[in-house]
Each structure stands twice: as C-alpha cells, then as structure tokens.
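Shown next, in structure tokens, is the structure this report addresses.
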Amino acid sequence: MTTAQPLDVQPTPLALLLLGREADPKSERGVECPGDLPSPSDPNLVARARAAKEKLGDKVFILGHHYQRDEVIEFADVTGDSFKLAKDAAAKPEAEYIVFCGVHFMAESADILTSDDQKVVLPDLAAGCSMADMATAEQVAECWDVLTEAGVAGVTVPVSYMNSSADIKAFTGKHGGTICTSSNAKKALEWAFEQGEKILFLPDQHLGRNTAVRDMGMSLDDCVLYNPHKPNGGLTAEQLRNAKMILWRGHCSVHGRFSVDSVNDVRARIPGVNVLVHPECKHEVVAAADYVGSTEYIIKALEAAPAGSKWAIGTELNLVRRLANRFAAEDKEVVFLDKTVCFCSTMNRIDLPHLVWTLESLAEGNLVNQIQVDKETESFAKLALERMLALP
C-alpha cells in the first residue's frame with residue numbers, strides 16, 4: 001500500500017484573512033481592535049458610556065445605523081441608513097469626533113464627506129461588510145480590462161452601490177460613474193444610461209438586477225453576471241456586447257438568506273400578511289413580495305400602515321425586532337420573514353464594550369480606530385458621490 005502524499009496547496013491571502021491568520025488594514029474585515037475592552041458583564045457599562053459621552057459634550061457626534069444593537073442605538077445622536085448618516089456627519093462641522101456605529105465602508109464615506117478637521121472613528125475595526133469585500137480594486141481593474149478587450153468599456157458606465165469600499169467608489173468616479181443607494185438606484189441607472197449604453201453594477205448583483213428588471217422594465221436576458229473568480233468573468237465578448245447590465249457577482253449575506261419558501265411559509269402561517277423586503281434580496285424573493293424598498297422605505301411603510309395590519313419583513317433582524325417592539329402598541333404585527341435568526345455578524349461587532357472603550361479613550365484625549373481615506377482615493381470617490389447628490 002502506498003502512502004498518500006500531502007497536497008501542496010497554498011492558502012490564498014483571502015483565505016488567511018478569513019482564518020484570522022493575517023490582517024489587511026484596507027479590507028472591509030479590518031484588523032483586530034487594540035486596547036483593553038471592558039468586560040461585557042460589567043454592570044456599569046451604561047453609566048460609563050453616559051459619563052464619557054457627557055464629558056465629551058459637543059466634541060463627539062455618534063451615528064447609529066439601523067442594523068445596530070439596541071444597546072448601541074441608545075447612545076446614538078442620530079440613526080439612519082449609511083448615506084443618511086454620512087450626510088448627517090457632514091452637517092455637524094463643530095463635532096471633532098464622529099463615532100460611526102456601523103461598518104467600515106460607512107465610516108469611509110463619512111470621512112470622505114466630512115472636513116479634514118473632523119476625525120471619524122469606528123469602535124471596532126473588524127466591523128466590515130462581506131458584500132463590500134466581494135469587489136476589490138484589483139478585481140475591478142481586471143474587469144475593466146476585460147471590458148476594454150471586448151470593445152465595450154467606452155460605452156460602459158460604472159454604478160456602484162453605497163455598500164462598497166472607498167477604492168471602488170474612487171474607481172467609479174475616475175471612470176465617469178456614480179454611486180447609488182437602495183432608494184435612488186433607479187435614478188442612478190437612468191442617469192447612467194444617458195451617459196452610455198451599458199452599466200457595470202458593483203458589487204450587489206441583486207440590487208442591480210431588481211432595479212433593472214422590476215423598476216425599469218428590462219428583461220433578465222439583458223443582465224449578465226460577471227464572476228471575478230473566473231477567466232474573463234465567465235463571460236464571452238459576445239455576451240458582454242449584448243448585455244445592458246453587467247452585474248458583479250456580489251451579494252449581502254443577510255438578505256441573500258431569504259427565499260421564496262420563506263415567503264410562502266409566512267403567508268401560510270399568517271393569513272393576510274404583507275410581505276415587505278429589501279431590494280438586496282434575490283430577484284425571485286422580490287417578485288414574490290408585496291412591497292420592496294430600502295431600509296428607510298420599510299420604516300416609513302410601517303409608520304403609515306393601518307392598525308391591525310400584519311407585516312413580514314425581509315431585512316436585518318435587529319431592525320425588524322426594534323420595529324416589532326415599536327409598533328406593537330399601535331396593534332401592528334411585525335415578524336421576521338424567515339424562521340432562522342439572522343443578524344448581520346459584522347454589524348453586531350459594534351457592542352457596548354467597544355463603544356465604552358472608544359468614548360472613554362476619546363474623553364481621555366486618546367484618538368483610537370480613526371478611519372482615514374487617502375487624498376487621491378477621496379477625491380475620486382467624492383466625485384462619484386457628488387454625481388449621486390446631483391441626481392434629480
């Protein structure tokens with residue numbers, strides 16, 4: 001019997017990063033958080049957070065994304081989605097410290113839009129975004145080379161979702177494109193088609209497909225999927241030339257979990273339920289839902305809903321649970337669309353110990369976990385963001 005020889009397999013840099021054996025400061029996954037965090041079991045955490053925030057006064061402005069834990073939202077000066085919070089930060093020039101309770105790409109956007117005198121801080125540098133990680137600057141540059149070789153780069157306009165790194169936003173700005181949010185994606189695509197014949201949509205395939213097909217009347221055949229892990233994206237030059245929408249193979253790990261079975265199951269369990277999902281969900285889920293919209297849209301829809309109505313929401317669980325508690329007093333039933341509990345794992349990295357450590361450090365004059373975008377990247381990323389702001 002022969003002895004099996006060990007395979008000579010070298011782990012990729014991404015694999016090492018996922019295994020926690022290497023760190024990449026430019027990755028959305030970030031790096032380890034320095035310093036000694038308070039114990040999560042410390043009964044004085046709330047009092048410590050209040051004391052540190054009071055000591056800082058107007059020097060600090062705390063932003064809380066809708067998907068954050070309740071224990072963190074309690075200390076937020078404003079809440080909202082990623083772009084709303086970045087704009088809120090820019091509108092607060094007197095605040096020396098912007099503490100962004102969200103994920104890495106959101107803090108980058110805040111740094112891009114705020115003044116040089118303001119310092120943006122992320123309580124845990126490891127709070128990244130798996131979707132944003134699915135498109136690196138090197139991969140997107142290679143994609144553009146593929147489009148160039150196919151003869152379509154000159155008529156292709158990049159449109160990048162807000163949920164992308166500063167590097168991807170800069171690429172978008174440099175190549176004449178714009179940024180979009182889940183609430184203005186249709187306007188962004190309409191603008192882009194006025195500039196060119198095709199769109200390279202980064203990095204969320206589902207938002208791009210849903211907007212093109214559901215909101216703009218295109219067909220699924222108008223869309224092709226570019227896979228950065230395959231030669232030429234897994235596409236032929238003819239497919240690229242025939243496509244209107246070139247969708248990047250990326251997705252949200254939270255919204256991608258919802259299925260048509262989830263929709264059918266909740267309809268069977270709760271007669272008369274309204275199914276409301278985020279456009280980051282798969283196309284078949286969006287097609288099966290009653291309503292589709294951004295985080296802000298979801299909140300406003302429930303605010304306007306009549307008493308006694310029933311809602312199944314397909315988005316991050318922290319927000320759904322908060323909405324369920326809020327609207328229970330108005331006799332509105334709000335449930336999570338799927339039976340499986342699904343928090344955004346990277347959003348949940350921002351917890352009370354990290355927030356307390358951050359605020360106490362700042363109160364003592366120690367700047368920690370500052371997020372800084374280099375000037376060249378910032379200039380092109382800001383250009384792309386400004387194009388979005390100029391949309392009608």
Below 3.5 Å, can you tabulate the donor-acceptor pairs from side chains in residues 302-314 to any protein atom, sequence neighbours excluded?
{"residue": "Glu303", "atom": "OE2", "partner": "Arg326", "partner atom": "NH1", "Å": "3.4"}
{"residue": "Glu303", "atom": "OE2", "partner": "Arg326", "partner atom": "NH2", "Å": "2.7"}
{"residue": "Ser309", "atom": "OG", "partner": "Pro306", "partner atom": "O", "Å": "2.7"}
{"residue": "Ser309", "atom": "OG", "partner": "Trp311", "partner atom": "NE1", "Å": "2.9"}

With a 4.5 Å heavy-atom cut-off, do His206 and Lys282 have their side chains touching? yes

Tell me yes or no: between the side chains of Glu296 and His66, is some donor less than 3.5 Å from an acceptor? yes

Applying salt bridge (Lys or Arg N to Asp or Glu O under 4.0 Å), name anything that partners Glu138, two or more places apart in sequence or on another chain. none

Atom OH in Tyr67, atom CE in Met106: separation rounded to 0.5 Å? 8.0 Å

Residue pair Tyr161 / Ile179, side-chain heavy-atom distance below 4.5 Å: no

Side chains of Ile62 and Val60: does their closest heavy-atom pair fall under 4.5 Å? yes

Find out if a path of hydrophobic residues (ILVMFWY) with successive side-chain heavy-atom gaps under 4.5 Å connects Met134 to Leu202. no

Over all heavy atoms of both residues, which pair between His104 and Leu122 is shortest? Give the atoms and the distance, please. CA-CD2, 3.9 Å

Are Met245 and Met218 packed together at the side-chain level, in the sense that at least one heavy-atom pair is separated by less than 4.5 angstrom? yes

Strictly distance-based, threshold 3.5 Å: is any side-chain N or O of Ser379 a donor or acceptor partner for the main-chain N or O of Glu376? yes

Polar contact flag, side-chain donor to acceptor under 3.5 angstrom, Thr172-Ser160: yes

In the structure I gave you, are the side-chain heavy atoms of Val157 and Lys198 within less than 4.5 Å of one another anywhere? no

With a distance cut-off below 6.0 Å to the six-membered ring centre and an angular limit of 45° from the axis, does Lys92 pair with Phe61 as a cation-pi contact? yes

Say whether Phe193 and Leu240 are linked into one hydrophobic cluster, either directly or through other cluster members, by side-chain heavy-atom distances under 4.5 angstrom. no

I'd like to know if Arg267 and Asp290 make a salt bridge, using a cut-off of under 4.0 Å between side-chain N and carboxylate O. yes

Carboxylate-amine/guanidinium contact Asp81 Lys87, below 4.0 Å: no

Yes or no on side chain to side chain contact (heavy atoms under 4.5 Å, CB included) for Glu108 and Glu378, after CA distance, side-chain angles and deciding distance? CA-CA 9 Å; Glu108 284 184 331; Glu378 179 181 303; over 6 Å; no

Residues clustering with Val213 (ILVMFWY side chains joined when closer than 4.5 Å, directly or via others): Leu220

Rounded distance [0.5 Å steps], NE2 in His354 versus CG in Leu359: 13.0 Å

What pair of heavy atoms forms the shortest contact from Ala132 to Ser165, and how long is it? CB-N, 4.2 Å

Share the residues that join Phe380 in a hydrophobic cluster, the rule being Ile, Leu, Val, Met, Phe, Trp or Tyr side chains under 4.5 Å apart at the heavy-atom level. none

Does some side-chain heavy atom of Ile199 sit less than 4.5 Å from a side-chain heavy atom of Leu247? no

Any sub-3.5 Å donor-acceptor pair from Asn184's side-chain atoms to Lys187's backbone N or O? no

For Asp42 and Asn44, what are the C-alpha separation, side-chain angles and deciding distance, and is it a side chain to side chain contact (heavy atoms under 4.5 Å, CB included)? CA-CA 5 Å; Asp42 184 342; Asn44 301 313; 3.3 Å; yes

Report the C-alpha distance between Asp265 and Ser262 in whole Å, list the side-chain angles of each, state the deciding distance to 0.1 Å, and finish with yes or no for side-chain hydrogen bond (donor to acceptor under 3.5 Å, both in side chains). CA-CA 5 Å; Asp265 177 73; Ser262 304; over 6 Å; no

Arg48 with Glu360: basic N within carboxylate O range, under 4.0 Å: yes

Is atom CD of Glu54 surrounded by more than 12 heavy atoms (other residues, nucleotides or ligands) closer than 6.0 Å? no

Note: Lys382-Asp111 ion pair, threshold 4.0 Å (strictly below): no

Let me confirm one number: the CG-NE2 distance from Leu337 to His278, rounded to the nearest 0.5 Å. 13.5 Å

Do the charged groups of Glu316 and Arg322 touch, with an N to O distance under 4.0 Å? no

Using the rule given for side chain to side chain contact (heavy atoms under 4.5 Å, CB included), can you reason through Val99 versus Leu362, listing the C-alpha separation, both sets of side-chain angles and the distance that settles it, and then say yes or no? CA-CA 10 Å; Val99 176; Leu362 296 177; 3.8 Å; yes

Rounded distance (nearest 0.5 Å) linking atom CG of Leu207 with atom CG of Asn163: 8.5 Å

For atom NZ of Lys84, decide whether the heavy atoms of other residues, nucleotides or ligands shown that lie under 6.0 angstrom number more than 12. yes

Verify the distance criterion only: is there a donor paired with an acceptor across the side chains of Tyr97 and Thr358 at less than 3.5 Å? no

Between the NZ atom in Lys169 and the NZ atom in Lys174, the distance rounded to the nearest 0.5 Å is 15.5 Å

I'd like to know whether Tyr226 forms a ring-ring contact (aromatic ring centres under 6.0 Å, His included) with Phe201, so could you lay out the CA-CA distance, the side-chain angles of the two residues, the decisive distance to 0.1 Å, and finally the verdict. CA-CA 10 Å; Tyr226 183 95; Phe201 194 90; over 10 Å; no

For the atom pair CG (Leu383) and CE (Met388), what is the distance rounded to the nearest 0.5 Å? 12.5 Å

Greater than 12 external heavy atoms within 6.0 Å of Asp58's CG: no

If two hydrophobic side chains count as joined below 4.5 Å and joins carry through other members, does Leu63 share a cluster with Ile73? no

Looking only at heavy atoms, what is the nearest atom pair of Trp357 and Val368, with distance? CH2-CB, 3.7 Å

Are Val140 and Phe105 connected, step by step, through hydrophobic side chains (Ile, Leu, Val, Met, Phe, Trp, Tyr) whose heavy atoms are closer than 4.5 Å? no

Contact summary for Leu352 and Phe75, nearest pair of heavy atoms: CD1-CE1, 3.8 Å

Over all heavy atoms of both residues, which pair between Trp248 and Leu225 is shortest? Give the atoms and the distance, please. O-CD1, 3.9 Å

For Ala363 and Ala52 the tightest heavy-atom approach is CB-O, 4.3 Å

Step-by-step side chain to side chain contact (heavy atoms under 4.5 Å, CB included) determination, Gln118 to Glu96: CA-CA 5 Å; Gln118 293 177 291; Glu96 181 179 352; over 6 Å; no

Distance-only donor-acceptor hits, side chain of residues 149-156, under 3.5 Å, sequence neighbours excluded:
{"residue": "Thr156", "atom": "OG1", "partner": "Val152", "partner atom": "O", "Å": "2.6"}

Any donor-acceptor pair under 3.5 Å linking the side-chain atoms of Ser130 with those of Asp133? no

Could you tell me whether the side chain of Arg214 reaches within less than 4.5 Å of the side chain of Val286, counting heavy atoms only? yes

Under 3.5 Å side-chain donor-acceptor pair for Thr148 and Asp145: no

Are more than 12 heavy atoms from other residues, nucleotides or ligands located less than 6.0 Å from atom CD of Glu386? yes

Is any side-chain heavy atom of Phe100 closer than 4.5 Å to one of Ile350? no

If the condition is side chain to side chain contact (heavy atoms under 4.5 Å, CB included), which residues does Ala188 pass it with, not counting sequence neighbours? Val159, Thr178, Cys180, Leu391

According to a 4.5 Å side-chain heavy-atom criterion applied to Ile, Leu, Val, Met, Phe, Trp and Tyr, with indirect links allowed, do Ile98 and Leu385 form part of one hydrophobic cluster? yes

